Amino acid sequence: MATYMDVHTGMKGITKEQFEAAHKADMAIEKEEGVHFKQAWGDPESGHVYCLSEAPSAEAVQRIHKRSGHPADEIHPVPLSIS
């Protein structure tokens, strides 16, 4: 499986509760597309939200986000990482 970072840009003013609900909605159906959302970050001031996932494709990630009601504006493969 590949790793992806997706970006949402229209979530200005999102609360922690709304952010958690959106993430839980994704996780509730992620297995249907073979996706696993690992972590998410958000900035209510700018409206940017970032999600890190493992998935068979960027399209699979987008299908989950669309079904959950918050399609990603961008999805980027992350072929390299260091810690």
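Only a predicted model underlies this, so the values are computations on that prediction, with no experimental measurement involved.
Under a hydrophobic-cluster definition in which Ile, Leu, Val, Met, Phe, Trp and Tyr are linked whenever side-chain heavy atoms come within less than 4.5 Å, directly or via other members, Ile75 and Met5 are assigned to different clusters. The hydrophobic cluster containing Val78 also contains Tyr50, counting ILVMFWY residues as joined when their side-chain heavy atoms lie under 4.5 angstrom apart, directly or transitively.
Side-chain contact, Ser68 with His70: no donor N or O sits under 3.5 Å from an acceptor N or O. Between the side chains of His65 and Asp6, a donor-acceptor pair is found at a separation under 3.5 Å.
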field: Check against side chain to side chain contact (heavy atoms under 4.5 Å, CB included), Glu20 and Gln18
entry: CA-CA 5 Å; Glu20 288 174 342; Gln18 292 169 324; over 6 Å; no
message: Quick one, Val35 with Tyr4, criterion side chain to side chain contact (heavy atoms under 4.5 Å, CB included). Give me CA distance, side-chain angles, the key distance, then yes/no.
response: CA-CA 10 Å; Val35 175; Tyr4 295 93; over 6 Å; no
message: Assess the residue pair Ser53 and Gln39 against the criterion (side chain to side chain contact (heavy atoms under 4.5 Å, CB included)); give the C-alpha distance rounded to whole Å, side-chain angles, the decisive distance to 0.1 Å, and a yes or no.
response: CA-CA 7 Å; Ser53 62; Gln39 195 165 356; over 6 Å; no
message: side chain to side chain contact (heavy atoms under 4.5 Å, CB included), that's the test. Do Phe37 and Val61 meet it? Break it down for me.
response: CA-CA 9 Å; Phe37 289 99; Val61 173; 4.1 Å; yes
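We find the CD1-CE distance between Ile64 and Met27 to be 12.0 Å, quoted to the nearest 0.5 Å. Considering CG of Asp43 and OG1 of Thr9, their distance stands at 12.5 Å, rounded to 0.5 Å. Taken to the nearest 0.5 Å, the CD atom of Glu33 stands 11.0 Å off from the CD atom of Gln62. For the atom pair Lys24 NZ and Ile29 CD1, the distance stands at 15.5 Å (nearest 0.5 Å).
Between Glu45 and Lys12, none of the side-chain N atoms (NZ, or NE/NH1/NH2) sits under 4.0 Å from a carboxylate O, so this pair counts as no salt bridge. Remark: Glu32 engages Arg67 in a salt bridge, criterion side-chain N to carboxylate O under 4.0 Å.
Judged by distance alone, the side chain of His8 and the main-chain N or O of Pro71 form a donor-acceptor pair under 3.5 Å.
Between Glu54 and Lys38 there is a side-chain heavy-atom pair separated by less than 4.5 Å. Contact of the Leu52 side chain with the Trp41 side chain is registered, since non-hydrogen atoms from C-beta on lie closer than 4.5 Å. Annotation: side chain of Val49 is not in contact with side chain of Val7 (no heavy-atom distance under 4.5 Å).
The shortest heavy-atom contact between Ser57 and Ala60 is OG-N, 3.0 Å. Residue Phe19 comes nearest to Gly42 through the heavy atom pair CZ-N, 3.6 Å, listed as atom of the first residue, atom of the second, then distance.
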